[in-house]
Peer 1: 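Quick one: structure below, then a few questions.
Both backbone and side-chain heavy atoms feed into the values below; hydrogens, waters and symmetry mates do not.
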Amino acid sequence: MQYMLLLTEPETEFAKRNHPEHAGEYWAGWNAFLGAIAQAGIIVNGDGLQGPHTATTVRVRDGKRMVQDGPFADTKEQLGGYFVIEVPDLDTALEWAARAPSASYASVEVRPVLPPMPKPAA
Amino acid sequence: MDLARDTAERVARESYGRLVALLAARSRDIAGAEDALADALVAALRTWPERGVPASPDAWLLTAARNRMRNAYRHRTVTAAAEPDLLLLHLPDDSEPQAIPDERLKLLFVCAHPAIEAGIRTPLMLQTILGLDAARIGSAFLVSPAAMAQRLVRAKAKIKEAGLRFEVPFPAELPERIAEILDAIYAAYGVGWDGHHGGDAGIRDLAQEAIYLGRLLVSLLPDEPEAKGLLALMLYCEARRAARSDAEGRFIPLERQDARLWSRDLIAEAEALLIAASRFGTFGRFQCEAAIQSVHVQRPLSGRTDYSALVTLYRLLAERHPSVGALLGYAAVLVEAGRAAEARAVLESFPAEEVRTHQPYWVTLARMQDALGQRDAAAASLRTAIGLTESEAVRAFLRTLL
């Protein structure tokens, strides 16, 4: 089955990405995780995302486009990246989720990917 | 006809969980497995009276249910073209009974999986392993049948769609995962126990179902001392059921129970289990609680309750598996052991928030205050306790202490 790991981070962690003192440690943790999950050969795809300050949210209401600076929800933890992995079951997906550095200070949401829709009958 | 029906009912009772576990293990589709099994049972009642009861009714039902599941799957995936009903095709050869592998342990681990909300784990076990219907489970848990059915459906959908693992967990996580199963079984016993004074036979039976699950777990995990500890604990409690209330349904506390009404068979079985568990030499919450029960049932032999042993056991329990219940038990036996001042220190350590509406706290507090000669405070605490009591039988008993 395919699962998406939605990796969230608090602002303090996003700030470490370019911090002269903390960036090394921050990226070392993520690279180690990335290395392990890549070596397991289970990645379908995945990316890190730029921080929430780069987010723009769009809503269309009554035909009118409303554009908002910032992420869709104002929460302490924001989406920082994702992986889609191919593993036999939820338990295995949870094991990988628990290994993500952010699981220890924020959270990782694990969701099964919707299977492909059957083709509609002709 | 009667033989067919009796056999179908007996197989449904004894093999329900076994067949559901086997049918759901690969597909993770518990609801589909239950539906298929229900259809297979209907087909059995239709077929067996005519063709005779098969030599291996389990294998017959398994094959019929498998055919039904395959058929249902085809109907979903292929366009809804008419397909022959495969339910009764390819039934097993009757000549030799087939052994049905037991996958119920895997099913128990799935029901008590950490990804499943804790409150629905016990109802899931009662339904998937024992075949109890949502109405009966709902009445025991004080939830409407429709609400319980909906919660069960949602949990089964999560198991299937989120892809929970139908396997025994890895050794590293095994103790924690077994603890989740033990908790869920004990919760079923607790509901059955509390229901005792309500007079609802259906709820009372839940204690029996919990004991059935306890026995099942002991047989599936013979090297797990806590499984034995839990079963021993439930059997000690069950042994005293007849002595727990008088003819008018009034509550009788343990100390005043007529020990002649206790079931010696159940006590003997519990003692044997506790001894077997202790051979593993590891502390466990349920073993410790069972040991506490074991001390209580010694009273008729020695003529007195060994409170110093109870103080030791409760202190161990409170230290190793801290809970409000364990600390309250510790305080209560300190009072009985003539150490009310120490009990006061324990009771004062509780955060007020946590115990304000906790009836056992106020009962224990009243007992401690009484032992220290604080009659007015004791009466006030007892009145609070009565106000917080749900059971009429217990309320009536507490009033006699005022």
Side-chain angles (χ1 to χ4, degrees), chain A residues 1-9 29 32-33 35-46 75 77 79-122, chain B residues 21 24-33 72-83 103 105-118 120-121 124 128 154-181:
Chain A
M1 284 182 72
Q2 293 192 356
Y3 295 85
M4 181 179 269
L5 312 185
L6 295 125
L7 307 153
T8 64
E9 298 215 84
F33 175 62
I37 203 166
Q39 202 170 24
I42 56 172
I43 298 180
V44 178
N45 55 53
T75 54
E77 293 173 15
L79 192 64
Y82 71 95
F83 282 105
V84 175
I85 58 174
E86 174 77 53
V87 290
D89 48 43
L90 177 69
D91 301 60
T92 313
L94 293 177
E95 275 160 36
W96 282 106
R99 292 179 184 125
S102 58
S104 303
Y105 52 74
S107 61
V108 182
E109 182 173 328
V110 179
R111 286 245 214 137
V113 171
L114 205 57
M117 290 286 168
K119 284 201 180 106
Chain B
R26 212 172 311 156
S27 64
R28 296 172 180 143
D29 185 359
I30 294 172
Y73 180 73
R74 270 188 207 140
H75 272 291
R76 269 200 310 275
T77 50
V78 181
T79 50
E83 287 235 345
E103 306 276 36
L105 186 58
K106 295 176 185 175
L107 186 54
L108 283 169
F109 276 115
V110 167
C111 291
H113 196 284
I116 298 297
E117 185 225 325
I120 196 69
R121 292 178 194 164
L124 261 181
T128 62
R154 219 180 293 143
K156 287 174 203 166
K158 164 112 194 222
I159 289 168
K160 182 183 168 205
E161 284 158 22
L164 270 60
R165 182 188 287 160
F166 270 76
E167 284 300 332
V168 174
F170 297 123
E173 47 180 325
L174 204 51
E176 212 172 304
R177 295 290 306 277
I178 290 172
E180 310 266 28
I181 296 181

Peer 1: So what's closer than 4.5 Å to chain A heavy atoms on B/E173: side chain, backbone, both or neither?
Peer 2: side chain
Peer 1: Where is the tightest heavy-atom contact between B/L164 and A/D89, given as atom of each residue plus distance?
Peer 2: C-CB, 4.3 Å
Peer 1: Check the surroundings of atom CZ in A/R99: do more than 12 heavy atoms from other residues, nucleotides or ligands lie under 6.0 Å from it?
Peer 2: yes
Peer 1: Below 4.5 Å from any heavy atom of chain A, which atoms of B/A162 appear? Answer side chain, backbone, both or neither.
Peer 2: both
Peer 1: So which part of A/L114 gets closer than 4.5 Å to some heavy atom of chain B, the side chain, the backbone, both or neither?
Peer 2: neither
Peer 1: Provide the closest heavy-atom pair for A/M1 versus B/R28 in the form atom of the first, atom of the second, distance.
Peer 2: SD-NH1, 3.4 Å
Peer 1: Please rank B/A115, B/P169, B/G163, B/P114 by heavy-atom pairs under 4.5 Å with chain A and give me the top one.
Peer 2: B/G163
Peer 1: Hey, does B/R177 have a side-chain heavy atom less than 4.5 Å from the side chain of A/D91?
Peer 2: yes
Peer 1: Under 4.5 Å heavy-atom distance to chain A, tell me which part of B/F109 shows up: side chain, backbone, both or neither.
Peer 2: neither
Peer 1: Measure A/P88 against the heavy atoms of chain B and call it side chain, backbone, both or neither at under 4.5 Å.
Peer 2: backbone
Peer 1: Heavy-atom cut-off 4.5 Å, strictly under: side chain, backbone, both or neither for A/E95 against chain B?
Peer 2: side chain
Peer 1: Looking at CG of A/L90 and NZ of B/K158, how far apart are the two atoms once the value is rounded to the nearest 0.5 Å?
Peer 2: 6.5 Å
Peer 1: Using a 4.5 angstrom heavy-atom cutoff, name the option from A/L94, A/T92, A/V110 with the most pairs to chain B.
Peer 2: A/T92
